[in-house]
Amino acid sequence: MRITRAQADALIAHARGEFPNECCGLIAGRDGAATRVLPATNAEGTPFMYVMDPHEQMQLMDDIDDAGEDLLAIYHSHTRSAAYPSRTDVDLAFFAEPLYVIVSLQDADQPLIRAFRLDRTAAEGEQIAEEPVEVS
Amino acid sequence: MSTVKIPPVLRQAVGGERTVEVGGSTMGEVLEALCAQYPAVGGQILTADGELHKYVNVYVNDEDARLLQWIDTPVGDADTVMILPAMAGGAR
């Protein structure tokens, strides 16, 4: 996945803005390059869980579709843990095509952004595959 | 027969269809029929116990079925059932 510095900064700013709760949103793109960062509401609103508001989810997915873009990634933040999918992240990864991007604020001064393809139906040990994030 | 709207994430499981017509007089029966016809859908939206996954949202004529009668919500021939898996997860 390729994102611009400004888009990476937007992801980090969203994560910091929602702290101590997790943030969530979508990244639209074309040919593997991000075109837009679309913040959404975490309906759960807790430091340990995100559930995207379902109406916003529908609207944003339609918006991406209408614009002729792809749903490149679903992002959320980990406020106190590493930028790596948790058991919950894998268990609730219904979407096989978009990447799951995690913004970690574990080190507040050095936020990390990593991307993963998740397959909750795959065998244990084969559910998480990291994909490179190129920031340019 | 009710119309079930299939989101992009589940289309591969139904051979690429955007909508599928299935029988049943309640939302639960309609989804049961859908999963019987397309077992791959069941693998995505049902738990190991065969229950509808807590994080799968279902809308009957655009209304959240949880605010209706959930799986007992009556559906008729003219009704549309839409499945929308949640985007969810978290550090724990």
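The figures here come from the full heavy-atom set of this structure, side chains too, leaving out hydrogens, waters and symmetry mates. The sequence lines fix the lettering, A, B, ..., with proteins before strands; numbering per chain opens at 1.
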Side chain to side chain, B/M87 and A/H76, heavy atoms closer than 4.5 Å: no
Shortest non-hydrogen contact from A/P54 to B/Y59? CB-OH, 3.2 Å
Within the structure provided, determine whether B/P8 and A/F95 are in side-chain contact (heavy-atom separation under 4.5 Å). no
More than 12 heavy atoms from other groups under 6.0 Å of CG on A/D66: yes
Would you find more than 12 non-hydrogen atoms of other residues, nucleotides or ligands less than 6.0 Å from B/E63 atom CD? no
Qualifying residues under ring-ring contact (aromatic ring centres under 6.0 Å, His included), relative to A/F48, sequence neighbours excluded: none
Flag yes if A/F19 and A/I102 sit in one hydrophobic cluster, no otherwise; membership is Ile, Leu, Val, Met, Phe, Trp, Tyr, and two members link when side-chain heavy atoms are under 4.5 Å apart. no
Can you tell which of A/M52, A/R80, A/R87, A/M49 has the highest number of heavy-atom pairs within less than 4.5 Å of chain B? A/M49
Between the main-chain N or O of B/G89 and the side-chain N or O of A/T88, is there a donor-acceptor pair closer than 3.5 Å? no
Proximity breakdown for A/L71 and chain B, heavy-atom pairs closer than 4.5 Å: side chain
May I ask you to name which of A/L26, A/D89, A/D65 has the most heavy-atom pairs under 4.5 Å with chain B? A/D89
Identify whether A/M1 and A/I12 are in the same connected component of the hydrophobic contact network (ILVMFWY, side-chain heavy atoms under 4.5 Å). yes
Locate the shortest heavy-atom distance separating A/V51 from B/Y55; write the atom from each residue and the value. CG2-CE2, 3.8 Å
B/V81-B/L34 co-clustered via ILVMFWY side chain contacts under 4.5 Å: yes
On a heavy-atom basis, the closest approach of A/R120 and B/Q44 is NH1-O, 3.1 Å
Please indicate whether B/Q12 has more than 12 foreign heavy atoms, meaning atoms of other residues, nucleotides or ligands, lying under 6.0 Å from its CD. no
As an exercise, state the distance from NE2 of A/H55 to CG of B/N57, rounded to the nearest 0.5 Å. 8.5 Å
Output the distance between atom CD (A/Q57) and atom CG (B/L84), rounded to the nearest 0.5 Å. 4.5 Å
If you look only at distance, which donor and acceptor atoms sit under 3.5 Å apart when one is on a side chain in residues 111-118 of chain A and the other is two or more places apart or in another chain?
| residue | atom | partner | partner atom | Å |
| --- | --- | --- | --- | --- |
| A/R114 | NE | A/E130 | OE2 | 2.9 |
| A/R114 | NH2 | A/E130 | OE1 | 2.8 |
| A/R117 | NH1 | A/E97 | O | 2.5 |

